[in-house]
Structure formats: structure tokens, C-alpha cells
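Taking it in order: structure first as C-alpha cells, then the write-up.
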Amino acid sequence: MTPKRPTGAGAFPATVEPSGTTRPDPAALYAALDLGTNSCRMLVAQPKGSQFHVVDSFSKSVQLGLGLEATGRLSRTSMGRTIQALRICQDKLRKHSVARMRLVATEACRRASNAQSFIEGVRRETGLSIEVIEPEEEARLAVVSCAPLVSVRTEQLLVVDIGGGSTELVWIDLTSVPRRDRPRAIMRLHKGFRPAEGSPFPAARVVDWISVPLGVATLREQFDDVKNDAARFALMSWYFEENLASFSPYAKEQKREGFQIIGTSGTVTTVAASHLGLRRYDRNRVDGLRMTSDQIDAVIRDYLTLGPEGRRTDPRIGRDRHTLIMSGSAILQALLRVWPTDRLSVADRGLREGLLYAQMSADGVLEDSRD
């Protein structure tokens, strides 16, 4: 990880602590685990200056939400797969003696009728305590993780996090924030979408946000009975757009100038890797890449031309992603159709990075932290 490509969010001048406060050890390790509808992902990291250094990581497609659309429940097989993955995470946490951690679950566990039983089973089997977080916190942490990618010229920002079971969109107005402070103002949102009263710092204003209960896994399941590949893709894209009807940050049409979309998800990074022709994924080339809508459309057309079998064997897509890439692409295409931009910033970061930043910021172990 090079200094130019930090793994985590940047930070602010040091917090003034009350007399007698015990400052956490800056060498301590932190962990963040994101258990989603499709994947289980974890980072173990150490504070390093105003950023953090990743010590260990884990990522596996567990398909926890497979069949959830039809039954409303997590299946026995999916829960078994997930617990096996969580055992590996628990081994890593023990190996690194991690004391500070936050382990969260999102949409699948918010919706499943047997989620509480599953969470209790995880605790019995692995000793890990998983917390099911609300959509607003999921959206907020995804936004925070993307702060380093916010341009100082951005006045209206849309952050989109395409997950397995849901998609979070947050529209932020930065016009009242001085240009040099705009990325920093985004980072402060880890405390909440409403600025703290009496805060001396310029605030980013969250105009509107939405959590659409459609992600790459749930959207695909809804249209699984449509056999024609191109027809299924078109239906998924238009259906997702229909579900954005209640998300109306502004009534009037927005100007392209000063507007930025940041996309964070496996879909967005896969499309970027395909555009770059990467046969082996390279985070340093993908994170922060700006793609034009024409470039994104060209990749999606190529996916459609390949068809299901071609996508399955395409090394740019990957074995874990090929069945979900078209539902993710349908969401991405809908977003570019609706909002006034011809560019999208690609973020290889998300909930885990946001969780780490929030923990470290609260402990005051990042240098130059002002809040």
C-alpha cells in the first residue's frame, strides 16, 4: 500500500482529551467485518499517521441471502457456509490478538425472519458477536470511506454503494463548505447525517438518502425466471429505476459541472477492471479511477455480447462475480441514465473502511484528528 493510495480515510488534527483520559495504544490493531447478503469480508488494520495500514484481510462469497427472496429465511446451507467463513475470521482475530473490532451484518440479516437465531448460532459456534446495523448507518459508513476520492471542485456529490441485498444512495450538498475542506467534511459524517450543534467546522449537508432493498443478489433472484439474457438485463435496470422514485434530492435538473458520482461495490470495481483489461486485479489501478459513461456502456455491452457462458470464463470478471455482474451492471446503468453526469469515480473501499475509520477516529489514534 503506497502513501499515494491509502487504504483508509484521511484524518484531522488531534483531539484534545480530558485530563486523566487513557489514550488507546496507537499500535493496537482494529478489525472490521462486513457480513453482507453475498459476501463476508474482513480487514485487520493498524493506525498509521492519518491513515491506516492493512495487516490482514479476508473475503469470501458465502451467499448468505440465497433464496431469501422466495422464503423470507436464511437457508440452513447458506448459514453453514457463512459460519465456516466466520470461523476463519475468528482464527485471524485470535492470531493477531485484536482487541478492538466491530463486526456487522446488513440487508440479509435485516430481512430474514430467522436472523436472530442465526446471530445466536454464530456466537455459539465462533464466539463472534455480530451486530445488525440499520440502513442509515450502512450508508453513512460507505460515504465516509469514499471521502479521499471527493474532488475539491465537487459541489453536489452522490455516493452509491451497490451491495448484495440493498443499494444505498446518499446525495450531499457541499456548496457551503470551502473547497479545501470538502473531503474532510465528508469524513465528519461518521457521527451522523445531521451536523453536531455548535460544531465550528463547515458541514456537508445530506440532502437526501435512500436504501433500496435491491442489490446484485436480490435483483437477480427477482428476474431469475426471465431466460433471455438481454431482456432480463433491461427489465432489471428499469425495475431498479422505478424503485428510485422516492429519492428526489432536487426537483430541478442538476448541472453536470460540479457534480460527482462515486460508486463503491464489487460491480463498480469489476467494470473498472474489465475496462482496464486486467486479468489479475490491481487495486492501485482501480481505486480512484474515473470512468466515462461511454466507457461503462462499452463494458456492459461487451458483457451482454459474451452471454452467461462467456462471462463465466472471462478472467476479468472472476469466478465469484460472473452470476451477479449483470444485475449490478443493470443498477449502474440505471443510475447513469437518471443523473446528470458522464463520469463515475470508482471506489475500492466501502463499509469495512468506514467502520475502521469510525473506530479509530473515536479512539483518537489517527494523527491530525479534529473530531
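Note that the numbering runs from 1 along the sequence shown for the chain.
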Please find the pair of heavy atoms, one from [X] and one from [Y], that lie closest to each other, and give the distance.
X    : Y    : value
L86  : C40  : CD2-SG, 3.8 Å
S237 : A330 : OG-O, 3.0 Å
I119 : I130 : CG2-O, 3.6 Å
F58  : C89  : CD2-SG, 3.4 Å

- Query: Under the criterion side chain to side chain contact (heavy atoms under 4.5 Å, CB included), which of V268, V346, L332 is the partner of I296?
  - Reply: L332

- Passing candidate, side chain to side chain contact (heavy atoms under 4.5 Å, CB included) with L141, options L189, D161, L355: L355

- Please check if L324 and L335 belong to a single hydrophobic cluster, counting links between Ile, Leu, Val, Met, Phe, Trp and Tyr side chain heavy atoms closer than 4.5 Å. yes

- Query: M42, V104: one ILVMFWY side-chain cluster at the under-4.5 Å cut-off?
  - Reply: no

- Message: Tell me if the centroids of the rings in F223 and Y239 come within less than 6.0 Å of each other.
- Response: yes

- Query: Can E120 and R123 be counted as an ion pair, charged N to O under 4.0 angstrom?
  - Reply: no

Does [X] use its side chain to pair, donor to acceptor, with the backbone of [Y] at less than 3.5 Å?
X    : Y    : value
T167 : I162 : no
R87  : T126 : no
Q359 : A31  : yes
N114 : L74  : yes
R100 : Y30  : no
R311 : L306 : no
R205 : D173 : no

Could you list the donor-acceptor pairs under 3.5 angstrom formed between side-chain atoms of residues 273-281 and any protein atom two or more places apart in sequence or on another chain?
{"from": "S274", "atom 1": "OG", "to": "T270", "atom 2": "O", "distance (Å)": "3.0"}
{"from": "S274", "atom 1": "OG", "to": "Y303", "atom 2": "OH", "distance (Å)": "2.6"}
{"from": "Y281", "atom 1": "OH", "to": "D348", "atom 2": "OD2", "distance (Å)": "2.8"}

- Item | Cation-aromatic face contact R337/W238, 6.0 Å, 45 degrees | yes

- Please name all residues satisfying side chain to side chain contact (heavy atoms under 4.5 Å, CB included) with T154, sequence neighbours left out, ordered by chain then number. V150, S151, L157, L174, Q260

- Task: State, without any angle test, whether W209 and E168 hold a side-chain donor-acceptor pair at a distance under 3.5 Å.
- Result: no

